[in-house]
Student: 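Questions regarding the structure given below will be posed in turn.
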Amino acid sequence: MVSGLWDRAPLWVRIRWGLAPRTLAALALVLVAAVGLAAFHFWSVRPQGVRAPETVEAGAAAVAEDPLRAGGADPVPRPVAGAPPSPPPEPVGEIVVDVSGKVHRPGVQRLPVGSRVADALRAAGGVRAGTDVTGLNRARVLMDGEQVAVGLPQAPAALGAPGGAAGAAGAPGAPGPVALLSLSAATKEQLETLPGIGPVLAQHIIDHRTENSGFRSVDELRQVNGIGDRRFADLQPLVQP
């Protein structure tokens, strides 16, 4: 075709553009290839829209919604869900009490501070069967150095006090004189109900009366090991030989 067009071209054109038909065909192919490459280049580099990512971390959203954490750490500590509450602090220290009377293991007991009479009875092995504890307050908080007497009569009131036995007996409506505790017949538990008399000192009194066949006078208490003038003065109005 190109050859036919060349043959029909005017003479001056063929003289001015003295090109061979094959050369024109090659130029036409080069031109078509250049146009195709240019079109592909412009299509590949065309501008495209870019969308912002929409993924948001769950933790960041929770912090943004919590007004207490917006400005920093939570100032109020919160307990962990499901964790047991912490127990209250236990009292520090111990007390020493003397449990006497109708218990399985009478004697000195060491208990934590804040213990009650029930704790002292438990430490002494419990109350013996058949013992009447109606007048014993087992919920009372114990003090250091006190004595807990179980199933024993209370220590009689001092008869030597002003307005004591003689005056009280004659007063209208006043109770009669309290019976004195016999040093020669009292049991160890009964002796322990006296003020200042514990298991050790009660045993000393029993040993003394065993060696001397009883007490002939209250003054013999001065000869018992561990009883001084002050303790004797407290015991004298409460006992008899």
Student: Identify every side-chain donor-acceptor pair in residues 127-135 under 3.5 Å, counting partners at least two apart or on other chains, and give the distances.
Tutor:
unit_1, atom_1, unit_2, atom_2, d
Arg128, NE, Val103, O, 3.1
Arg128, NH2, Val103, O, 3.4
Thr131, OG1, Arg128, O, 2.9
Asp132, OD1, Thr134, N, 3.1
Asp132, OD1, Thr134, OG1, 2.5

Student: Test of understanding: clusters of I, L, V, M, F, W, Y form through side-chain heavy atoms closer than 4.5 Å, transitively. Do Phe232 and Leu201 belong to the same one?
Tutor: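 Yes, it is one cluster - the side chains of Phe232 and Leu201 are joined through contacts under 4.5 Å.
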Student: Would you indicate whether Asn137, at its atom CG, is surrounded by more than 12 heavy atoms from other residues, nucleotides or ligands within a distance under 6.0 Å?
Tutor: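 Yes, because the 6.0 Å sphere around CG of Asn137 holds more than 12 heavy atoms from other groups.
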Student: Roughly how far, to the nearest 0.5 Å, is CD of Gln240 from CG of Leu181?
Tutor: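 Reported to 0.5 Å precision, the distance equals 8.0 Å.
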Student: For Glu189, enumerate each residue passing the salt bridge (charged side-chain N to carboxylate O under 4.0 Å, His left out) test, keeping only those at least two apart in sequence or located in another chain.
Tutor: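 Applying salt bridge (charged side-chain N to carboxylate O under 4.0 Å, His left out) to Glu189 gives none.
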Student: Do Phe215 and Ile205 come close enough that some side-chain heavy atom pair is under 4.5 Å?
Tutor: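 Yes; the side chains approach each other to less than 4.5 Å.
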Student: Let me confirm one number: the CG-CD distance from Asp219 to Gln236, rounded to the nearest 0.5 Å.
Tutor: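 It is 6.5 Å, given to the nearest 0.5 Å.
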Student: For a side-chain contact (heavy atoms from CB on, under 4.5 Å) check, start with the C-alpha distance between Leu29 and Leu31, then their side-chain angles and the critical distance, and finish with the verdict.
Tutor: CA-CA 5 Å; Leu29 292 176; Leu31 180 61; over 6 Å; no
Student: Determine the minimum heavy-atom distance between Gly107 and Pro199, stating which atoms define it.
Tutor: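 Minimum heavy-atom contact is CA-CG, 4.4 Å.
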Student: Identify the two heavy atoms, one from Pro195 and one from Leu238, that lie closest to each other, and give their separation to 0.1 Å.
Tutor: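 In terms of heavy atoms, the two residues are closest at CD-CD1, 3.6 Å.
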Student: Which pair of non-hydrogen atoms, one from Asp98 and one from Gly198, has the smallest distance, and what is that distance?
Tutor: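 Distance-wise, the nearest heavy atoms are OD2-CA, 3.8 Å.
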Student: Under a 3.5 Å distance rule, please check whether Gln190 uses its side chain to pair with a backbone N or O of Thr187 as donor and acceptor.
Tutor: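 It does hold such a pair.
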Student: Check whether Asp144 reaches the backbone of Val96 with its side chain - one donor and one acceptor, N or O, closer than 3.5 Å.
Tutor: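 Yes; at least one donor-acceptor contact below 3.5 Å.
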Student: Let me check something: any side-chain donor-acceptor pairs from residues 110-122 under 3.5 Å, sequence neighbours excluded? List them with distances.
Tutor:
unit_1, atom_1, unit_2, atom_2, d
Arg110, NH1, Glu94, OE2, 3.3
Ser115, OG, Pro112, O, 2.6
Arg116, NH1, Ala139, O, 2.6
Asp119, OD1, Arg122, NH1, 2.9
Asp119, OD2, Arg116, N, 2.9

Student: Who pairs with Arg138 by salt bridge (charged side-chain N to carboxylate O under 4.0 Å, His left out), at least two apart in sequence or on another chain?
Tutor: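 So Arg138 forms no salt bridge (charged side-chain N to carboxylate O under 4.0 Å, His left out) with any residue.
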Student: To the nearest 0.5 Å, how far apart are NE2 in His208 and CG in Leu183?
Tutor: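 Output value for this atom pair is 9.5 Å.
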Student: Are the side chain of Arg222 and the backbone of Ile227 linked by a donor-acceptor contact shorter than 3.5 Å?
Tutor: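 No: the side chain of Arg222 does not pair with the backbone of Ile227.
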Student: Rounded to the nearest 0.5 Å, what separation is found between the CD atom of Gln223 and the CD atom of Glu211?
Tutor: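 One finds 11.0 Å between CD of Gln223 and CD of Glu211.
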Student: Between OG1 of Thr193 and CG of Leu191, what distance do you get to the nearest 0.5 Å?
Tutor: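 Spacing of OG1 (Thr193) from CG (Leu191) equals 7.5 Å.
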Student: By side chain to side chain donor-acceptor pair (under 3.5 Å), which residues pair with Asn225, not counting sequence neighbours?
Tutor: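 Applying side chain to side chain donor-acceptor pair (under 3.5 Å) to Asn225 gives none.
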Student: How close do Ser184 and Pro241 get, counting heavy atoms only, and between which atoms?
Tutor: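 Nearest pair, atom of Ser184 first, then Pro241: OG-C, 3.6 Å.
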Student: Quick check: does any side chain N or O of Glu220 sit under 3.5 Å from a backbone N or O of Arg216, one acting as donor and the other as acceptor?
Tutor: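 Such a contact is found between Glu220 side chain and Arg216 backbone.
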Student: Looking only at atom types and distance, does a side-chain atom of Gln147 sit under 3.5 Å from a main-chain N or O of Glu192, one as donor and one as acceptor?
Tutor: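 Yes, the answer is positive, given that a donor and an acceptor are paired below the 3.5 Å cut-off.
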Student: Could you tell me the separation between the CZ atom of Arg140 and the CG atom of Leu142, rounded to the nearest 0.5 Å?
Tutor: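 One finds 5.5 Å between CZ of Arg140 and CG of Leu142.
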Student: Just jot down the side chain to side chain donor-acceptor pair (under 3.5 Å) partners of Asp234, sequence neighbours excluded, or say none.
Tutor: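 Partners of Asp234 by the side chain to side chain donor-acceptor pair (under 3.5 Å) criterion come out as none, since no residue qualifies.
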Student: So Val224 and Asp207, do their side chains get closer than 4.5 Å, heavy atoms only?
Tutor: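 No, every pair of side-chain atoms sits at 4.5 Å or beyond.
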